[in-house]
**Student:** 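For reference, the structure I am asking about is given below.
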Amino acid sequence: MSVTIDGPDFVALQVRDVDAAAAFCEQHLGLRRAAVSPPHAVVFDTKPIPFAVRELLPGIDLANAARPGLGVVLWFQTSDAHKLHDQLTAAGIKILTPMADSPFGPVFSFEGPEGYTLTAHGG
């Protein structure tokens, strides 16, 4: 029998400024830091999959990337997508796709740290 994978069990965004990206996640998304993070990253206590922002890996240069993560869709569950949308809008965070109904509840996308597109759903 061949070995298979079970699915993602950790997600991290590579960023140029870990402190600023972590502050964005804490201030605008309400994420809380995990008890332990490696020196090159900030890991958040997200469930069911841990999420982090981390330093760039060797050979990665995002300086000329128009939109980092292009082609990747990263969804975050929230208890109230409408309220989060309003909070982000009030904070001046760029909304990339308007609120819409989906099989997963209300959904919208916004610009996260360093230009990553993040999607929130639920509520």
**Student:** Are Glu26 and Arg32 ion-paired here, with the side-chain N under 4.0 Å from a carboxylate O?
**Tutor:**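 No.
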**Student:** Are Leu57 and Phe51 connected, step by step, through hydrophobic side chains (Ile, Leu, Val, Met, Phe, Trp, Tyr) whose heavy atoms are closer than 4.5 Å?
**Tutor:**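 Same hydrophobic cluster.
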**Student:** Can you check side-chain contact (heavy atoms from CB on, under 4.5 Å) on Arg54 and Leu13, steps first, answer last?
**Tutor:** CA-CA 6 Å; Arg54 60 155 295 138; Leu13 297 179; over 6 Å; no
**Student:** Considering only residues two or more places apart or on different chains, which pairs with a residue in residues 11-34 satisfy ring pair (Phe, Tyr, Trp, His ring centres under 6.0 Å)?
**Tutor:** Phe24-His28
**Student:** Please report the shortest heavy-atom distance between Cys25 and Val53, naming the atom on each side.
**Tutor:** SG-CG1, 4.3 Å
**Student:** Can you list the steps and then say if Leu56 with Asp61 is a side-chain contact (heavy atoms from CB on, under 4.5 Å)?
**Tutor:** CA-CA 8 Å; Leu56 301 174; Asp61 179 8; 5.7 Å; no
**Student:** For a quick test of reading the model, state the closest non-hydrogen atom pair linking Pro8 to Ile49 and the distance between them.
**Tutor:**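 That closest heavy-atom pairing would be O-CD1, 3.6 Å.
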**Student:** Quick check on the hydrophobic clustering: are Val43 and Val15 connected, directly or via other members, by side-chain heavy-atom contacts under 4.5 Å?
**Tutor:**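 No, Val43 does not connect to Val15 through the hydrophobic network.
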**Student:** Are Ser37 and Phe44 close enough that some pair of their side-chain heavy atoms sits under 4.5 Å apart?
**Tutor:**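 Heavy-atom side-chain distance check fails, nothing below 4.5 Å.
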**Student:** Using the rule that Ile, Leu, Val, Met, Phe, Trp and Tyr join whenever any side-chain heavy atoms are under 4.5 Å apart, tell me whether Val11 and Leu62 fall into a single cluster.
**Tutor:** yes
**Student:** Pairs under 3.5 angstrom only: tabulate donor-acceptor contacts from the side chains of residues 71-88 to other protein residues two or more places apart or in another chain.
**Tutor:**
| from | atom 1 | to | atom 2 | distance (Å) |
| --- | --- | --- | --- | --- |
| Thr78 | OG1 | Asp80 | N | 3.4 |
| Asp80 | OD1 | His82 | N | 3.2 |
| Asp80 | OD1 | Lys83 | N | 2.9 |

**Student:** Taking distance alone, no hydrogens or angles, what donor-acceptor pairs closer than 3.5 Å link side-chain atoms of residues 107-123 to residues at least two apart or in another chain?
**Tutor:**
| from | atom 1 | to | atom 2 | distance (Å) |
| --- | --- | --- | --- | --- |
| Ser109 | OG | Thr97 | OG1 | 3.2 |
| Ser109 | OG | Thr119 | OG1 | 2.7 |
| Glu114 | OE1 | Arg16 | N | 2.8 |
| Glu114 | OE2 | Arg16 | N | 2.9 |
| Glu114 | OE2 | Asp17 | N | 2.8 |
| Tyr116 | OH | Gln14 | O | 2.6 |
| His121 | ND1 | Phe104 | O | 3.2 |

